[in-house]
Participant: 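Quick one: the structure is below, and I'll ask about it shortly.
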Amino acid sequence: MDKKYNFRNYEEELYSFWEQGGYFTAKVDKSKDPFCIVLPPPNANADLHLGHAMYVYEDVMIRYHKLKGLETLWLAGADHAGIETQFVYEKHLKKQGKSRFDFDRKTLFSDIWDFVMKNRETMENQLRKLGFALDWSKKKFTMDPDIVKIVNNTFKHLHDDGLIYRANRLVNYCTSCGTSFSDLEVADKEVTGKLYYIKFPVKEGGSVTIATTRPETYLGDVAVMVHPEDKRYQGMIGNTVVLPLIDREIPIIADEYVDPKFGTGTVKVTPAHDENDFQVAKKHGLWRDPILNFDGHMQHTGLDDIDGVYVVKARKLIVSKLEEGGFLEKITPHEMILHTCYRCGTTLEPLPKEQWFINVEPLKKNAIERVRNDEINIHPKRFKKQLIQILENFIDWNVSRQIVWGIRIPAYQCQSSNVKNQNKWFVSVQKPSSCQICGECSFIQDEDTFDTWFSSAQWPFATIQTIDSSFFDYFYPTAVMETGYDILRAWVSRMIMIGYFETKAVPFKHVFLHGMVRDLKGQKMSKSKGNVINPLDMIEKYGADALRAALIFGTKEGGDVVLSEDKIVAMRNFCNKIWNIARFLEMSKTNVVIPAKAGIQAGSPIGVGDDVLRETLKKLQKEFAVVQKQYHLHFKKFEFAKAFDLMYDFLWHRYADFYIEELKDGMQGGSIEASQSMMKIYHACLQMLHPYIPFVTEAVWKEVHEEDASILDSRF
RNA sequence: GAGCCCGUGGCUCAGUGGUAGAGCGUUCGAUUCACAUUCGAAAGGUCGGUGGUUCAAAUCCACCCGGGCUCACCA
């Protein structure tokens, strides 16, 4: 054996050995208990980052259960990542001086497809570098035809159950990305904005002053609203306001929705551009078409010089016009929250648009029950409350996206000229041969694609179902869903809702949430901050084991991980320590005669009496038994970091620093008993460490056993 | 406004009732001995504050201060 463990000589070779040797390939074996984890599919549009490396917890669980003798399946996959990917791709196009509008739908789609397939392969090889025991033979992609079929089927089932509806409602629309989002993809930004106080003349005499953060939208107002019990405005309810500059007349109405304490106690109602106004206006039977189009330009305002102007510029123009006309009373600073596009940062516009929605009420009720009853266990358990709260607050889910890259919604609109059939839709999993509404028209398919999360929500069952039904029966519900706590809302909650709806079973029995990786200052790593640690560089430099261990060592479950290069170095040193223990054991096994120490004659019983030796061995065995028990207990409780810390401390500071030093002379003096006991415990430690640092443990295993032996063939 | 988490040696963090721990850093010493990617030793903490429960509190309870997260609200 070499003096040092050189991971470069082993990692790649060992991974191929495992993969090609079928160690990661799952099969249905009813004589064993199943253990299945479906990998959260990384986006197939970029290199891996440290967030992906955190999936090491899944590898830990998979390898642990393999060593326990369970039949394990860790299913590999990739996500098409709809808007994300299209966004990345458009940046590519921009570099070439092009945009998505230069291509037709078909061309754009197939170009992105090629781009994604190339990235996907890179990404998959990077997962291999991390040592992940993924079953690649069954890998899935969210846009595989059989997955798409399942996704469409789920939509159809939801539709059949009356949980899908198409509605013209306000959606969060990004005028720059050109698509709507669900409420979860809205990034809130706290800003100090302005509150504009505008004086509206009242036809019957006097005026009312309204306070608004969006002065330009008054051009789409349908009413001015006050609280029914607000004494200041009692006499004005029912009066008519004449909108400045355009002289359009709107009523003053009363509704308890108004907070008399805010601003002037009067609210302008713009149903097409504000969710709350939309609701209130609906209640009062009021409506007016939007004054802003989907490109963010003004329209139908009643002011010729404003129509066609971009919203931000229009606001300035209108404010100065109001000021000129003496309608602007004052402007005050105002702490407010801006809804922005999580992708490009553009301020989102609430705009009325016909979209597909999922009524989540019955779905979330079931999901909450499953979580409450611990049919799904959340680890660490503090996230259980959070998940329930998230589910309780879930609102109907807009699943339509106006982008090309995604699964096209399998909904078709009847084109019959018969007025009765206007805007009639039907859902069909396969491309229909005839219109299911009128039976004769040449129906057209919805241009929109599904929100990526709609297919992701089905991932645990869709993936296994497409292997074959025996796998589904055997491995589903899956054992654990392991992912970052940041997507509890976007993903985990939806998997539970949709998974239970479609399979009438929980998609997973446990959820294990890992934390975010941060730098030494506790900051999130980001390219713009320049504090990014590239996992691939670290693997190149210190080996995959070192990186893996550094992400786990000394951390708390679900807590954020502070990662530094120093920590990775420390873990590389640990790997070397493991290597050198093996080297020592190998050397003492052969009973080499070592030079005499001062005061000890060579060839004599070397100072340590047999009884003392036995005593020490007994002590070690007792101590190790406790370690073993604790180790497995930690796994039972999903305390993976604790189990690793325990082994680190035991192997290095007890086994090596203490026991080897104590027993060294005896072992090298030829005590077979000592050598064998030490060897046995060491091998057990290798197994226990293998889930965390698979490469070095396997490398050592091969050194001390026959060449073709694998630690994965051994059992605890 | 509601809920959750965190505040421990210079730095980053483990530690949930019984004499304060690790990694990195610092100081001193050790190399023909499995490993200098090492070993031995040392310095360094009134465990955010106050009060309480207890024979005993970093650990349990209450309040406060500081930092973070989630949800709700946001004209």
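For clarity, every value in this text was computed on a predicted model and none was experimentally measured. In the text below, chain A, chain B and the rest are named by the order of the sequence lines, each starting its count at 1.
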Participant: Report each atom pair, protein N/O against N/O of nucleotides 39-41 of chain B, whose distance is under 3.5 angstrom.
Facilitator:
from	atom 1	to	atom 2	distance (Å)
B/C39	OP1	A/Lys577	NZ	3.3
B/C39	OP1	A/Trp652	NE1	2.3
B/C39	OP1	A/Asp657	OD1	3.3

Participant: Quote, to the nearest angstrom, the C1' distance that separates B/C60 from B/U16.
Facilitator: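 Between the two C1' atoms, the distance is 9 Å.
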
Participant: Quick one: which of A/Phe574, A/Phe584, A/Tyr10 gives a ring pair (Phe, Tyr, Trp, His ring centres under 6.0 Å) with A/Trp579?
Facilitator: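 Output: one option passes, namely A/Tyr10.
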
Participant: Is it true that A/Glu361 and A/Lys364 have a side-chain N and a carboxylate O under 4.0 angstrom from each other?
Facilitator: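 Yes, this pair counts.
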
Participant: Return the 5'-most residue of the pair A/Lys3, A/Met571 with respect to RNA chain B, ranking by each residue's nearest nucleotide.
Facilitator: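 Result of the comparison: A/Met571.
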
Participant: Would a distance-only check, ignoring hydrogens and angles, find a side-chain to backbone donor-acceptor pair under 3.5 Å from A/Arg248 to A/Asp221?
Facilitator: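 Yes, A/Arg248 side chain to A/Asp221 backbone: donor-acceptor pair under 3.5 Å.
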
Participant: What does B/G66 pair with, Watson-Crick or G-U, if both distances are under 3.5 Å?
Facilitator: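 Looking at the geometry, B/G66 pairs with B/C6.
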
Participant: Roughly how many Å apart are B/A22 and B/A62, using the C1' atom of each and rounding to a whole number?
Facilitator: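 Each nucleotide's C1' atom is 33 Å from the other's.
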
Participant: Is the backbone of A/Ala582 close enough, under 3.5 Å, to the side chain of A/Glu703 for a donor and an acceptor to pair up by distance?
Facilitator: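 Judged by distance alone, no pair lies under 3.5 Å.
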
Participant: Are A/Lys384 and A/Asp374 within salt-bridge range, i.e. N to O under 4.0 Å?
Facilitator: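 A salt bridge is present here (some side-chain N lies under 4.0 Å from a carboxylate O).
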
Participant: Expressed in whole Å, how much space separates the C1' atoms belonging to B/C5 and B/A14?
Facilitator: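 Pairwise C1' distance, B/C5 against B/A14, rounds to 16 Å.
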
Participant: Where each residue is assigned the nucleotide of RNA chain B containing its nearest heavy atom, which of A/Tyr5 and A/Met225 is assigned the position nearer the 5′ end?
Facilitator: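 Nearest nucleotide further toward 5': that of A/Tyr5.
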
Participant: Are any protein N/O atoms closer than 3.5 Å to N/O atoms in nucleotides 69-72 of chain B? If there are, list each pair with its distance.
Facilitator:
from	atom 1	to	atom 2	distance (Å)
B/C71	OP1	A/Arg489	NE	2.9
B/C71	O2'	A/Asn393	ND2	2.6

Participant: Could you check which nucleotide pairs with B/A58 in any of the strands shown, counting Watson-Crick or G-U wobble with both distances under 3.5 Å?
Facilitator: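 Partner of B/A58: none found under 3.5 Å.
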
Participant: Could you check which nucleotide pairs with B/G23 in any of the strands shown, counting Watson-Crick or G-U wobble with both distances under 3.5 Å?
Facilitator: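 Pairing partner: B/C11.
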
Participant: What are the atom names and distances for every N/O pair under 3.5 Å that joins the protein to nucleotides 24-28 of chain B?
Facilitator:
from	atom 1	to	atom 2	distance (Å)
B/C24	O2'	A/Asp566	OD2	2.9

Participant: Under 3.5 Å, which N/O atoms of the protein pair with N/O atoms of nucleotides 8-19 of chain B?
Facilitator:
from	atom 1	to	atom 2	distance (Å)
B/C13	O2'	A/Gly554	O	2.6

Participant: Do the rings of A/Trp287 and A/Phe278 sit parallel, tilted or perpendicular, given the 30° and 60° boundaries?
Facilitator: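 The arrangement is perpendicular - the two ring planes meet at more than 60°.
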
Participant: With ring pair (Phe, Tyr, Trp, His ring centres under 6.0 Å) as the criterion, how do A/Tyr631 and A/Phe650 come out once you've worked through the C-alpha distance, each side chain's angles and the decisive distance to 0.1 Å?
Facilitator: CA-CA 11 Å; A/Tyr631 174 87; A/Phe650 174 76; over 10 Å; no

Participant: Could I get the full list of side-chain contact (heavy atoms from CB on, under 4.5 Å) partners for A/Val562, not counting sequence neighbours?
Facilitator: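 side-chain contact (heavy atoms from CB on, under 4.5 Å) check on A/Val562 returns A/Leu520.
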
Participant: Please determine if A/Lys664 and A/Glu661 form a salt bridge, counting it only when a charged side-chain N lies under 4.0 Å from a carboxylate O.
Facilitator: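 The answer is yes: the pair qualifies as a salt bridge.
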
Participant: Check the distance between B/A34's P and A/Phe584's CZ and give it to me in whole angstrom.
Facilitator: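 After rounding, the reported distance stands at 6 Å.
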
Participant: Is any side-chain nitrogen or oxygen of A/Asn576 closer than 4.0 Å to OP1 or OP2 of B/U38?
Facilitator: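 Answer is no, no contact under 4.0 Å.
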
Participant: When the P atoms of B/A58 and B/C47 are compared, how many Å lie between them, rounded to an integer?
Facilitator: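 Going atom to atom, P in each nucleotide, I get 7 Å.
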
Participant: In whole angstrom, give the distance that lies between atom CH2 of A/Trp579 and atom P of B/U37.
Facilitator: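 Checked: the CH2 to P distance equals 17 Å.
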
Participant: Please work out if A/Asp649 contacts a base, only the sugar-phosphate, or nothing of the nucleic acid, heavy-atom cut-off 4.0 Å.
Facilitator: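 The answer is nothing, as A/Asp649 stays clear of every strand by at least 4.0 Å.
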
Participant: Starting at CD1 of A/Ile660 and ending at P of B/C35, how long is that distance when rounded to a whole Å?
Facilitator: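 From A/Ile660 CD1 to B/C35 P: 12 Å.
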
Participant: So among A/Phe638, A/Phe635, A/Phe512, A/Phe644, which one has a ring pair (Phe, Tyr, Trp, His ring centres under 6.0 Å) with A/Tyr57?
Facilitator: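 Only match with A/Tyr57 under ring pair (Phe, Tyr, Trp, His ring centres under 6.0 Å): A/Phe512.
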
Participant: Which part of the nucleic acid, if any, lies within reach of A/Phe383 when heavy atoms closer than 4.0 Å are counted: base, sugar-phosphate only, or nothing?
Facilitator: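 A/Phe383: no heavy atom of the nucleic acid under 4.0 Å.
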
Participant: Partner lookup for B/C73, please. Criteria are Watson-Crick or G-U wobble with both distances under 3.5 angstrom; report none if nothing qualifies.
Facilitator: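 Paired with B/C73, as far as the under-3.5 Å criterion goes, is no nucleotide at all.
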
Participant: Within the 4.0 Å heavy-atom criterion, would you say A/Val269 contacts the bases, only the backbone, or no part of the nucleic acid?
Facilitator: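 Nothing, no nucleic acid heavy atom in range.
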
Participant: Starting the side chain at C-beta, find the nucleotide from B/C4, B/A75, B/G23 nearest to A/Lys385.
Facilitator: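 Among the listed nucleotides, the one closest to the side chain of A/Lys385 is B/C4.
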
Participant: If you measure from the P atom in B/G68 to the same atom in B/C13, how many Å do you get, rounded?
Facilitator: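 Roughly 14 Å separates the two P atoms.
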
Participant: In whole Å, measure the gap between the P atoms of B/U46 and B/C73 for me.
Facilitator: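 About 46 Å, rounded to a whole number of Å.
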
Participant: May I ask which nucleotide in the shown strands pairs with B/G17, Watson-Crick or G-U wobble, both distances under 3.5 Å?
Facilitator: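 None - no nucleotide pairs with B/G17, as no candidate has both distances under 3.5 Å.
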
Participant: Can you tell me, in whole Å, how much space there is between the P of B/G10 and that of B/G29?
Facilitator: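 Nearest-Å result for B/G10 against B/G29 at atom P: 25 Å.
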
Participant: For the pair made of CG in A/Asn580 and P in B/U38, what is the distance, rounded to whole Å?
Facilitator: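 Going from A/Asn580 (CG) to B/U38 (P), I get 10 Å.
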
Participant: Applying the Watson-Crick and G-U wobble criteria at under 3.5 Å, what pairs with B/C39? Answer none if nothing qualifies.
Facilitator: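 Result: B/G29.
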
Participant: Out of curiosity, A/Met679 CE to A/Ile581 CD1, how far, rounded to the nearest 0.5 Å?
Facilitator: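 A/Met679 atom CE to A/Ile581 atom CD1 measures 12.0 Å (nearest 0.5 Å).
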
Participant: Run the side chain to side chain contact (heavy atoms under 4.5 Å, CB included) test on A/Lys385 and A/Gln389 for me, step by step, so that the C-alpha distance in whole Å, both residues' side-chain angles and the decisive distance to 0.1 Å come before the verdict.
Facilitator: CA-CA 6 Å; A/Lys385 254 187 198 172; A/Gln389 189 186 30; over 6 Å; no

Participant: Is there a side-chain contact between A/Phe624 and A/Tyr655 (heavy atoms, below 4.5 Å)?
Facilitator: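 SC-SC contact between A/Phe624 and A/Tyr655 ruled out.
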
Participant: Counting heavy atoms from C-beta on, name the nucleotide in B/A75, B/C35, B/C74 closest to the side chain of A/Asp188.
Facilitator: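 Ranking B/A75, B/C35, B/C74 by closest atom to the A/Asp188 side chain puts B/C74 first.
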
Participant: Could you give all pairs that pass the side-chain hydrogen bond (donor to acceptor under 3.5 Å, both in side chains) test and reach residues 640-649 of chain A, with sequence neighbours left out?
Facilitator: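 Sorted result for residues 640-649 of chain A: empty, none.
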
Participant: Expressed in angstrom and rounded to an integer, what is the separation of A/Asn276 atom CG from B/C73 atom C1'?
Facilitator: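 Spelled out: CG on A/Asn276 to C1' on B/C73 is 10 Å.
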
Participant: With a 4.0 Å cut-off on heavy atoms, is A/Arg382 in touch with a base, just the backbone sugar-phosphate, or nothing at all?
Facilitator: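 Sugar-phosphate contact only - A/Arg382 comes under 4.0 Å of backbone atoms but never of a base.
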
Participant: Quick one: do A/Glu392 and A/Arg372 satisfy salt bridge (charged side-chain N to carboxylate O under 4.0 Å, His left out)? Show the steps, please.
Facilitator: CA-CA 12 Å; A/Glu392 279 170 344; A/Arg372 277 230 172 88; 3.1 Å; yes

Participant: In whole Å, measure the gap between the C1' atoms of B/U59 and B/G52 for me.
Facilitator: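 Roughly 15 Å separates the two C1' atoms.
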
Participant: Check the orientation of A/Trp453 and A/Trp491. Use parallel for under 30°, tilted for 30 to 60°, and perpendicular for over 60°.
Facilitator: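 The rings of A/Trp453 and A/Trp491 sit tilted, inter-plane angle from 30° to 60°.
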
Participant: Across the strands shown, which category fits A/His273 at heavy-atom distances under 4.0 angstrom: base, sugar-phosphate, nothing?
Facilitator: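 Since no nucleic acid heavy atom lies under 4.0 Å of A/His273, the category is nothing.
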
Participant: Given atom OH of A/Tyr682 and atom P of B/A34, what is their separation to the nearest angstrom?
Facilitator: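 One finds 15 Å between P of B/A34 and OH of A/Tyr682, rounded.
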
Participant: Mind calculating the distance between CE (A/Met679) and C1' (B/A34) to the nearest angstrom?
Facilitator: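 Whole-Å distance recorded here is 12 Å.
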
Participant: What is the distance from CG of A/Leu488 to C1' of B/C4, rounded to the nearest Å?
Facilitator: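 In whole Å, B/C4 C1' lies 12 Å from A/Leu488 CG.
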
Participant: Looking only at heavy atoms, what is the nearest atom pair of A/Ile250 and A/Val222, with distance?
Facilitator: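 Looking at all heavy atoms of both residues, the closest pair is CB-O, 3.5 Å.
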
